[in-house]
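This report refers to the structure that appears directly beneath it.
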Amino acid sequence: MKIKSVKGVKDILPGEIEKWQWVESVAQQIFFRYGFKEIRPPIFEYTNLFKRSIGDTTDIVEKEMYTFKDKGGEEITLRPEGTASVVRSYIEHKMHGQNPLTKLYYFGPMFRYERPQAGRFRQFYQIGVEAMGSPSPAIDAEVMTMLMEFFKLLGLNDLEMQINSLGCKVCRPQYREILKTAIKPHLQELCTNCNQRYERNPLRVLDCKVERDGKIAKGLPKIKDHLCAQCEQDFADVQKHLDAVNTSYTVNDQIVRGLDYYNKTSFEVISKTGLGSQNAVCGGGRYDSLVEDFDGPPTPCFGFALGMERLISILPDEKLQGLEQPPDVHLVCLGEEAQQLAFPITHQLRAVGLYVEREIDGGSMKSQMRKANKLASRFTLIIGEDEIKNQRYLLKNMDGGEQWEVSANTLAKEVQSRLKSFD
RNA sequence: GUGGGCGUAGCUCAGCCGGUAGAGCUCUGGAUUGUGGCUCCAGUGGUCGCGGGUUCAAAUCCCGUCGCUCACCCCA
């Protein structure tokens with residue numbers, strides 16, 4: 001039996017990982033500016049946390065969770081999303097007592113048992129952001145703006161942010177009933193899926209992708225016409241704030257979201273190109289009662305999660321150039337004595353901060369030069385019998401081809417200054 | 001859970017109306033005895049996913065199985 005990785009998971013290898021590191025570093029920079037701090041929750045939790053937060057009847061909980069009993073008999077689940085853990089942590093550490101508004105972000109793997117396809121994996125990575133403690137539409141707009149600014153820094157300018165309001169505890173249940181009444185006469189025409197949705201989550205009928213259902217859905221009452229005064233006002237405020245800083249968006253009343261805890265502002269960011277049918281790069285919204293549901297204090301929250309694999313797959317080529325750092329110096333050693341000297345010399349150069357490569361197993365000069373060229377090394381340091389005898393090594397610029405003699409005594413200093421002169 | 005496509009060298013693939021494997025790239029060496037990139041030459045590298053069947057003979061035809069992939073569903 002051949003050893004193999006598990007279905008639906010991937011190794012992120014050198015050559016690819018540089019993109020991830022870049023995206024993470026840009027995220028850190030931009031989130032820092034907005035005052036968000038990193039949090040690293042564990043990747044598994046008690047199963048109940050997810051059942052109660054995400055919703056018992058959602059696909060995630062019903063059939064996608066990696067759940068197991070540990071040796072102590074506890075029901076454990078690998079996290080299928082990040083918000084639940086952050087909320088748990090927020091309550092457990094009584095963060096509400098430290099600051100009225102807690103701003104957190106996280107990065108890491110999530111797990112869902114689904115059939116893999118383009119842009120969908122069983123272990124996938126999300127960057128998530130949670131702003132906890134404010135009901136203000138201003139925070140919705142600020143977080144969404146931060147997100148779009150993040151995309152801009154990554155060179156992604158043609159992503160579309162679609163927003164909607166799902167209503168609150170007051171108006172959503174009312175709308176739900178109105179919707180059900182309106183759907184009822186169409187039940188026979190709707191797909192079997194929507195017939196199930198009718199009872200369990202009628203809002204989902206709205207974004208059904210079956211063509212005929214979509215047409216019916218268009219004629220159904222819209223949430224925006226049934227928001228309570230407060231929700232209507234808040235949604236308008238969100239848009240006003242977005243407009244104030246020219247954060248672009250479109251209102252799409254089909255945006256529903258799959259997790260139970262969302263209310264009020266909800267949104268998705270869609271890429272029209274580059275992704276397959278999984279075109280949502282990011283999704284999020286308000287979840288005003290989740291903290292309370294877990295016996296925390298009333299804490300209205302706003303957050304989002306974005307899919308790393310999807311994000312990375314649409315990064316523009318020009319931003320991906322030069323992410324891999326080439327060696328500053330590549331040693332080329334001729335003969336046994338030079339090979340012996342190579343380690344102390346690389347050690348000396350690395351000690352002053354340079355990236356130095358050498359061929360551990362030697363090889364011909366040609367092959368060493370070739371390797372240096374292949375890695376796009378900036379300089380080579382050639383060490384042969386003559387150089388050792390004279391205590392002067394040959395430093396060669398691999399770009400222009402010039403070479404200089406450098407003294408063994410002042411090697412590191414000379415190499416550094418030569419490198420600097422070509423920056 | 002349902003459906004389509006595909007599994008041949010490290011990578012990308014050709015060969016598939018049967019005659020026990022080939023190209024390009026990569027890698028190594030040489031042309032250029034201590035100077036890379038371009039070019040040319042040579043070499044390394046394969047249980048043709050796995051199992052069974054038909055046949056004198058199977059990468060090729062048939063059956064099964066596993067894997068990958070795309071899509072539905074749903075979602076990041």
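Lettering follows sequence order; numbering is per chain, from 1. Just so you know, these numbers use all the heavy atoms, side chains as well, and skip hydrogens, waters and symmetry mates. Just so it is clear, the model here is predicted, and its values are computed rather than measured.
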rU35(B) base / Q403(A) side chain donor-acceptor hit below 3.5 Å: yes
Out of rA76(B), rA71(B), rC68(B), whichever nucleotide has its closest atom nearest the side chain of R115(A): rA71(B)
Selection from rU35(B), rG37(B), rC75(B) that lies nearest to any side-chain heavy atom of I382(A): rU35(B)
Distance (rounded to the nearest 0.5 Å) between D140(A) CG and Q239(A) CD: 11.0 Å
Distance, P atom - from rC75(B) to rU69(B), rounded to whole angstrom: 22 Å
Basic-acidic side-chain contact under 4.0 Å: K272(A), D158(A): no
Separation of rG34(B) P from L331(A) CG (nearest whole Å): 18 Å
Pairwise C1' distance for rG45(B) and rG22(B), with rounding to whole Å: 13 Å
Watson-Crick or G-U wobble mate for rC72(B), both contacts under 3.5 Å: rG1(B)
Which nucleotide in rC73(B), rA76(B), rC27(B) has an atom nearest any side-chain atom of Q278(A): rC73(B)
Sugar-phosphate, base or nothing in reach of L394(A), heavy atoms under 4.0 Å: base
Gap in Å between the two P atoms, one belonging to rA21(B) and one to rC41(B), rounded: 25 Å
Nucleotide opposite rG36(B) in a Watson-Crick or G-U pair, distances under 3.5 Å: none
Pairing partner of rC48(B) (Watson-Crick or G-U wobble, both distances under 3.5 Å): none
side-chain contact (heavy atoms from CB on, under 4.5 Å) between E359(A) and C333(A), worked out: CA-CA 8 Å; E359(A) 299 315 304; C333(A) 296; over 6 Å; no
Rounded P spacing from rA23(B) to rG43(B) in Å: 10 Å
For atom CD of E114(A) and atom P of rU2(B), their distance in whole Å: 16 Å
Sugar-phosphate, base or nothing in reach of F121(A), heavy atoms under 4.0 Å: base
Any-strand Watson-Crick or G-U partner of rC25(B), both distances under 3.5 Å: rG10(B)
Atom-pair distance (CD on Q339(A); P on rG34(B)), nearest Å: 15 Å
Euclidean distance, atom CG of residue D59(A) to atom P of rU2(B) [Å, nearest integer]: 16 Å
Spacing between K371(A) atom NZ and rG37(B) atom C1', to the nearest angstrom: 16 Å
Euclidean distance, atom CG of residue L375(A) to atom P of rC27(B) [Å, nearest integer]: 10 Å
Residues, nucleotides or ligands: over 12 heavy atoms within 6.0 Å of Q325(A) CD: no
Distance between C1' atoms of rG67(B) and rG49(B) (Å, rounded): 7 Å
Sugar-phosphate, base or nothing in reach of G335(A), heavy atoms under 4.0 Å: nothing
Residue M369(A), side-chain heavy atoms: nucleotide from rG67(B), rU35(B), rC75(B) that is nearest: rU35(B)
rC27(B) base / R370(A) side chain donor-acceptor hit below 3.5 Å: no
Side-chain donor/acceptor of R120(A) to base of rC73(B), under 3.5 Å: yes
Distance between P atoms of rG15(B) and rC73(B) (Å, rounded): 35 Å
Distance test, side-chain N/O of K10(A) to OP1/OP2 of rU69(B), below 4.0 Å: yes
Donor-acceptor pair (no angle test) under 3.5 Å: Q117(A) side chain, rC73(B) base: yes
Side-chain N or O of S364(A) closer than 4.0 Å to phosphate OP1/OP2 of rU28(B): no
Sugar-phosphate, base or nothing in reach of Q368(A), heavy atoms under 4.0 Å: nothing
Among rG36(B), rG29(B), rG34(B), the one nearest S367(A) by side-chain distance: rG29(B)
Pairwise C1' distance for rG4(B) and rU60(B), with rounding to whole Å: 23 Å
Presence of donor-acceptor pair under 3.5 Å, side chain of E387(A) and base of rG34(B): yes
Residue whose closest nucleotide on RNA chain B lies nearer the 5' end, Q126(A) versus L275(A): L275(A)
Phosphate contact (rA31(B) OP1 or OP2) by K366(A) side-chain N/O below 4.0 Å: no
Sugar-phosphate, base or nothing in reach of A372(A), heavy atoms under 4.0 Å: nothing
Between rU35(B) (P) and L395(A) (CG): distance, integer Å: 18 Å
Whole angstrom value for the distance that separates C1' of rU35(B) from CG of L381(A): 13 Å
K413(A) atom NZ, neighbour heavy-atom count above 12 within 6.0 Å: no
Residues, nucleotides or ligands: over 12 heavy atoms within 6.0 Å of E385(A) CD: no
Cation-pi geometry met for R378(A) and F422(A) (6.0 Å, 45°): no
Q340(A)-E336(A) side chain donor-acceptor pair, cut-off 3.5 Å: yes
rC63(B) to rG46(B) separation - P atoms, rounded to the nearest Å: 32 Å
Audit row: E75(A), K69(A), salt bridge (Lys or Arg N to Asp or Glu O under 4.0 Å) steps and yes/no: CA-CA 5 Å; E75(A) 283 273 345; K69(A) 268 201 173 77; 3.6 Å; yes
Complementary nucleotide of rC61(B), counting Watson-Crick and G-U pairs under 3.5 Å: rG53(B)
Sugar-phosphate only, base, or nothing, as touched by G401(A) at under 4.0 Å among non-hydrogen atoms: base
Sugar-phosphate, base or nothing in reach of K7(A), heavy atoms under 4.0 Å: sugar-phosphate
